[in-house]
Amino acid sequence: MGLVGQTLVTDSGSRLPQGFWSAVAVWVERPQVVNKRLCGARLEAPGRPAREQAQEPEEGAVAAKGRPRGAEPERARGAGRGGAAQSPEAPRAPSSDPDLTCEDLFRSLVTADEEVLHFLRGARVEKQPEAGPDLEVLLRTLIPKPSAPHPVPAPSKEVVVKDVFNGTVTFLPLEGGQLLKVKKSNIYQIQLRHNKDEEWCISMLAFSPERWDSDGIIYPKSSWLGKELLSKLARWSVEDKKNEFKSTLSLISLMRYSQVYQELKEKYKEMVKVWPEVTDPEKFVYEDVAIATYLLVLWEEERAKKGIAEKQSFIDLGCGNGLLVHILSNEGHPGRGIDVRRRKIWNMYGPQTRLEESAIRPNDSYLFPDVDWLIGNHSDELTPWIPVIAARSSYSCCYFVLPCCFFDFTGKYSRRQSKKTQYREYLDFIKEVGFTCGFHVEEDCLRIPSTKRVCLIGISRTYPATEEALVDKQRTQYIDSRHSCAQIPHSEDSSCSSSGSTIETKHCDHHMYLNCLSDEPPKGPFRENERKVPQEDGIWINGFQPRDKVEQVRNCASLPRDFIDHIVLKVANLLLNGKQQNPKEDLCDGSSKTWNRGGSLSLAEVANQLDRETLQRLKRECGGLQTLLKNSHQVFEVVNGRVYIRDWREEKNAKKKQPEAKRRLSSEAFKTRLCWFFMHHPNGCSLTSESCSYAHGTQELRPSQMLKKIKQIH
């Protein structure tokens, strides 16, 4: 037994020891949070036969706060102190009994080994480990993340023994096929000890550190356990941070997701090189690959559950660039995408990718009775309508939404809960819509490069098909109640004014409706105010406004180039005439000549130096002056409301630490624009021509890679 790491923590918030076990739960149930080479972990249900579980690695994974279909895994608990332990002289072979449980597997593996027993037992008095009230045993499967071109590593199983009484959790890796045994070289233990007052100690111990067998994936080096993992556990143990969202991929098989994602990533990676849109290709391509992977696995499991072979059909409402439609169609699912505005990239897809340019309105003309699934991927104003459209399309129609921007039925969503984040409140609203429409709504978290990555799925109904007319009446009442509530001013005398987290509901039709959700329409003000404006036949609500076909650009990018150049030059001169920052250190790269990096000004000070007409013109743009200066990234740096001249010598050092994807994007833009400092700064550029990413004169200019991509498309 050897110590591989130890750290002291100060518990000023009385979080320990409970915080320690919360941190351990993250490592046990979501190890990919720390070990990025893992896809995740599957916790086996200990009550089932362990041998049966060992043959089922493809089942859906469970996680700390998100279990498949709402099922919470049992913790392994023995019958108590009275349970007879296996004799060390005659341990039961792990593979000899097909009904061997997780607890039996644990006993059969360790009771014959005194050294392992001693390591497990620590300060325990008992001679044998017993899965009793203060000892929990579970079996977990660690699923590695595939990485091309290497073959997919096999998952690895281990027994996790949690001893609350002694403050230890021990990990026993398993190896072998039919005859399982403990891989003693990789046994490790995490300990919590209370020193004094608010001081605690968390230690990482290895059973045999000198024989530690690292594969670099499932089992990193023992030093990694003692540094990276231990530091994370120590920080999490005293953090007062609650996660209001579920764990990622809690509704589908982690193993299957990992396999399909790697296949699709390889298949569609070339899209990054020919991406014609102005958006980041790395983000959008791999995000849509991840969403497509999730849907393909979800649909695969749905077909298996229902016993059907035909692949599900779909409609993507607000499909945007159409890549998700393209991938799903290529993978054999019949479907199409609809969006109000055509994108350049649509020309790249073949005829099998069906994309339509049309404004979608919530009415009887946009029902899809022959479609299995409706998709809303960042569908903006359509997001709350997708559960409604799915419910009214057919009883069997399901939906998948990934909410992003916050919209109600007829406009922007207004907050009503002060104790929730706006994102959490909006997700709850979309779940409420789905529930009111008659769906069992499930929530999951995707693995995509986005802060808005929680999806909501309506895959089954809460009512029999015979009650469709009754439930549809409730849908109509709910939608109308939201519409009338949105039209009432939020003040102390109105219906939706909030005090703390309590919402006044004197006249709000929506809250009156929620209080009397039934098959009978609400009485009183709700009935009097209902549908005051006559609606056209087939229109579900008045006031819905789809996005404009022509997208308005209001980020200063549409301003004339000479106007922007004039402001940039004026602000730069203001800064250069100010007090210099660290003048002694300002030597040009590779030269003894000093370089003036200027002073700094607040945004208000800069605005005071501009004329009124210029400020009014900027005010009409989203963000105004600050946006223009941030867009002029080559020249300025805006930090905490202050404007500085950008020093590219510092940027050069920072670039060395950038991920490969960002460095590749930077290399594509190399020398495609003139260097502002070479052209306008009194001391020229602080970098040499070889070091500067921008062209020092027109003779160095290269053609833009984006123009090349557009030419390839046409």
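Counting from 1, the numbers follow the sequence of the chain as shown.
The main-chain N or O of Phe368 is found under 3.5 Å from a side-chain atom of Ser393 such that the two form a donor-acceptor pair. At least one donor-acceptor pair under 3.5 Å links the side chain of Arg37 to the backbone N or O of Gly216. Arg702 places a side-chain N or O within donor-acceptor distance of the main-chain N or O of Phe670, the cut-off being under 3.5 Å. A side-chain donor-acceptor contact under 3.5 Å links Thr436 to the backbone of Glu432. Listed for the Arg392 side chain is no donor-acceptor partner under 3.5 Å among the backbone atoms of Ala390. Although no hydrogens or angles enter the test, the distance criterion places no donor-acceptor pair under 3.5 Å between the side chain of Asp316 and the main chain of Val325. The backbone N or O of Leu254 sits nowhere less than 3.5 Å from a side-chain atom of Ser258 that would complete a donor-acceptor pair.
Salt bridge absent: Lys267 and Glu263 never bring a charged side-chain N and a carboxylate O closer than 4.0 Å. With salt bridges taken as basic N to acidic carboxylate O contacts below 4.0 Å, none links Asp408 and Lys412. In this structure, Lys431 does not pair ionically with Glu442, as no charged nitrogen and carboxylate oxygen lie closer than 4.0 Å.
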Please report the C-alpha distance between Glu468 and Arg475 in whole Å, then the side-chain angles of each, then the deciding distance to 0.1 Å, and finally whether the salt bridge (charged side-chain N to carboxylate O under 4.0 Å, His left out) criterion is met. CA-CA 10 Å; Glu468 177 61 37; Arg475 294 179 197 127; 2.7 Å; yes
Pair Arg303-Gln312, side chain to side chain donor-acceptor pair (under 3.5 Å): steps then yes or no: CA-CA 8 Å; Arg303 292 196 301 274; Gln312 296 89 333; 2.9 Å; yes
Arg235 vs Glu239, test: salt bridge (charged side-chain N to carboxylate O under 4.0 Å, His left out). Steps then yes/no. CA-CA 6 Å; Arg235 179 164 57 85; Glu239 267 187 351; 3.1 Å; yes
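Aromatic ring pairs are classed by plane angle as parallel below 30°, tilted from 30° to 60° and perpendicular above 60°; the pair His633 and Trp648 is perpendicular. Ring geometry, Tyr268 versus His326: the interplanar angle exceeds 60°, so the pair is classed perpendicular (tilted spans 30 to 60°). Using bins of under 30°, 30° to 60° and over 60° for the plane-to-plane angle, the ring pair Trp540/Trp385 lands in the tilted bin. Taking the six-membered ring where the residue is Trp, Tyr257 and Tyr261 present parallel rings, their angle staying beneath 30° rather than reaching 60°.
A distance of 3.0 Å separates OG1 in Thr141 from NZ in Lys157, rounded to the nearest 0.5 Å.
For Lys671 and Tyr694, the positive end is not near the middle of the six-membered ring at less than 6.0 Å and at most 45° from its axis. Within the cation-pi definition used here (under 6.0 Å to the ring centroid, within 45° of the axis), Lys630 does not qualify as a partner of Phe636. Relative to the ring axis of Tyr395, Arg461 places its NZ or CZ within 45° and under 6.0 Å from the centre.
For the residue pair Glu302 / Trp373, a side-chain donor-acceptor distance below 3.5 Å is found, with atom types taken as modelled.
With sequence neighbours left out, Asp380 forms a salt bridge (charged side-chain N to carboxylate O under 4.0 Å, His left out) with Arg547. For Glu425, the side chain to side chain contact (heavy atoms under 4.5 Å, CB included) partners are Tyr413, Arg415, Arg416, Gln417, Lys420, not counting sequence neighbours.
Contact detail for Ser632 and Ile564: the closest heavy-atom pair is OG-CG2, 4.5 Å.
Heavy-atom neighbours of Arg673 CZ from other residues, nucleotides or ligands within 6.0 Å: at or below the threshold of 12. Atom CZ of Arg361 is surrounded by 12 or fewer heavy atoms from other residues, nucleotides or ligands within 6.0 Å. More than 12 heavy atoms of other residues, nucleotides or ligands shown are found within 6.0 angstrom of CZ on Arg447.
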